[in-house]
There are 2 protein chains.
Amino acid sequence: MKPGSPEEQWREDCAPRRVLELFSTKWTSMVLHTLWARHDGCARSAALHRSLPAISQKMLTQTLREMEHAGIVTRTVHPTVPPAVEYALTPLGTRLVEPIELIYDWARSNSEALDALQPRPTSRRRGGT
Amino acid sequence: MKPGSPEEQWREDCAPRRVLELFSTKWTSMVLHTLWARHDGCARSAALHRSLPAISQKMLTQTLREMEHAGIVTRTVHPTVPPAVEYALTPLGTRLVEPIELIYDWARSNSEALDALQPRPTSRRRGGT
DNA sequence: CTGTATCCGCCGCGATACTG
DNA sequence: CAGTATCGCGGCGGATACAG
């Protein structure tokens, strides 16, 4: 235990926080999982989009850009026409996949227990009767 | 690979999505980590608050409630005066800690690489000059 | 000590339209 | 095909005040 630095580890700019922020956005983990599980770590934008139809073009690009910036994917532009852009997991990103997959495994292993819970009393309606 | 269910696994109400939503809120992972790493899986509200001074009372309660609802912590009210409320990790929650800790480990192992990246070109300012 | 209620700013994210 | 710009809404989350 470090008596002098109880919570200093939670500075906004520390590595853990930076990573957590990645996953605080809606699509990061799904894009990461999809890229890895369904595209073997390398896919074009359109292919990813087909695997994740629910994501908007805007958020797909934005999410991938943040991931690129975090060093977990690379972005390669092939100067063809029409242009083709390929996203590939970096070794760093591949190592990040493992814990993410564990979370998915956890969720699936306990889906019964999770389903037994009420839908979600979260977010109360203001004008609710 | 399941050719017939390309993205049906991403229904809003499936277990993986439900879990991801937990971590899409700002404090869940930090509360989980803190409860486990600094309080041995069991702590009173005030103690947690002391370990995470940056969180507001409101968000601490709200986050813990969502975690309770997800079955990863229990909430025990001791009818004393003043009241004491104790939050404890469930076995389910304890198993969820592992992948979370791996993410922290990943972040710490690669903090150098992460630090080498630009601050964050994310979130562009709208009215920027 | 623990928790709820209210107000409110900020920004994540979707929809749409447009560029190369 | 890939990406950007813009608009608008919903809701996360902080501050504050109050209750048991």
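Please read all numbers here as calculations on a predicted model, not as lab measurements. Numbered from 1 within each chain, the chains take letters A, B, ... in sequence-line order. Below, each value reflects all heavy atoms present in this structure, side chains not excepted, and no hydrogens, waters or symmetry copies.
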Query - Bending between helix ends of the helix from C:dC1-D:dG20 to C:dG20-D:dC1 [5 pairs per end, 10° resolution] - result: 40°

Report task. Output the rest of the hydrophobic cluster of A:L102: all Ile, Leu, Val, Met, Phe, Trp and Tyr residues reachable through side-chain heavy-atom contacts under 4.5 Å, sorted by chain and number. Result -> B:L102

**Report entry** B:M30 to B:K26 - nearest heavy-atom pair and separation
**Finding:** CE-O, 3.3 Å

Query - Donor-acceptor contact present, side-chain A:T90 to main-chain A:G71, <3.5 Å - result: yes

Query - Shortest non-hydrogen contact from B:L35 toward B:Y87 - result: CD1-O, 3.9 Å

**Report entry** side-chain hydrogen bond (donor to acceptor under 3.5 Å, both in side chains) partners for B:R65, two or more places apart
**Finding:** none

Query - Side-chain (B:W106) to main-chain (A:L92) donor-acceptor, under 3.5 angstrom - result: yes

Query - Atom-to-atom span, CG of B:L52 to C1' of D:dG14 - whole angstrom - result: 16 Å

Query - Residues which pass side-chain hydrogen bond (donor to acceptor under 3.5 Å, both in side chains) with A:T25, listed by chain and number, not counting sequence neighbours - result: A:T28

Report task. Have a look at A:T25 and say if it touches a base, only the backbone sugar-phosphate, or nothing, with a 4.0 Å heavy-atom cut-off. Result -> sugar-phosphate

Query raised in the report: Taking it one step at a time, do B:L32 and B:M67 satisfy side chain to side chain contact (heavy atoms under 4.5 Å, CB included)?
Result: CA-CA 9 Å; B:L32 185 59; B:M67 291 167 70; 3.9 Å; yes

Query raised in the report: Expressed in angstrom and rounded to an integer, what is the separation of B:E66 atom CD from C:dG3 atom P?
Result: 14 Å

**Report entry** Separation of atom CG in B:L60 from atom P in D:dA15, rounded to whole Å
**Finding:** 14 Å

Query raised in the report: Given D:dA2, is OP1 or OP2 found less than 4.0 Å from the side-chain N or O atoms of A:R44?
Result: yes

Requested in this report: Starting at atom CZ of A:R65, determine the distance to atom C1' of D:dT4, rounded to an integer number of angstrom.
Outcome: 10 Å

Requested in this report: Ignoring backbone atoms, establish whether A:S45 has a side-chain N or O less than 4.0 Å from OP1 or OP2 of D:dG3.
Outcome: yes

Query - Qualifying residues under ring pair (Phe, Tyr, Trp, His ring centres under 6.0 Å), relative to A:Y104, sequence neighbours excluded - result: A:H33, B:W10

Query - Atom-pair distance (CG on B:L48; P on C:dC1), nearest Å - result: 14 Å

Requested in this report: Calculate the interatomic distance between B:L20 atom CG and C:dG12 atom C1'; express it in whole Å.
Outcome: 16 Å

Query - side-chain N/O A:Y87 vs D:dG3 OP1/OP2, d < 4.0 Å - result: yes

Requested in this report: Indicate for each nucleotide in nucleotides 14-20 of chain C, in 5' to 3' sequence, whether protein heavy atoms under 4.0 Å reach the base (B), only the sugar-phosphate (S), or nothing (-).
Outcome: BB----B

Query raised in the report: For A:Q62 and C:dG12, what is the distance between atoms CD and C1' respectively, to the nearest whole Å?
Result: 8 Å

Report summary line: A:E21 CD to D:dC12 P, in whole Å, measures 17 Å

Query - Any A:R75 side-chain nitrogen or oxygen under 4.0 Å from OP1 or OP2 of D:dG3 - result: yes

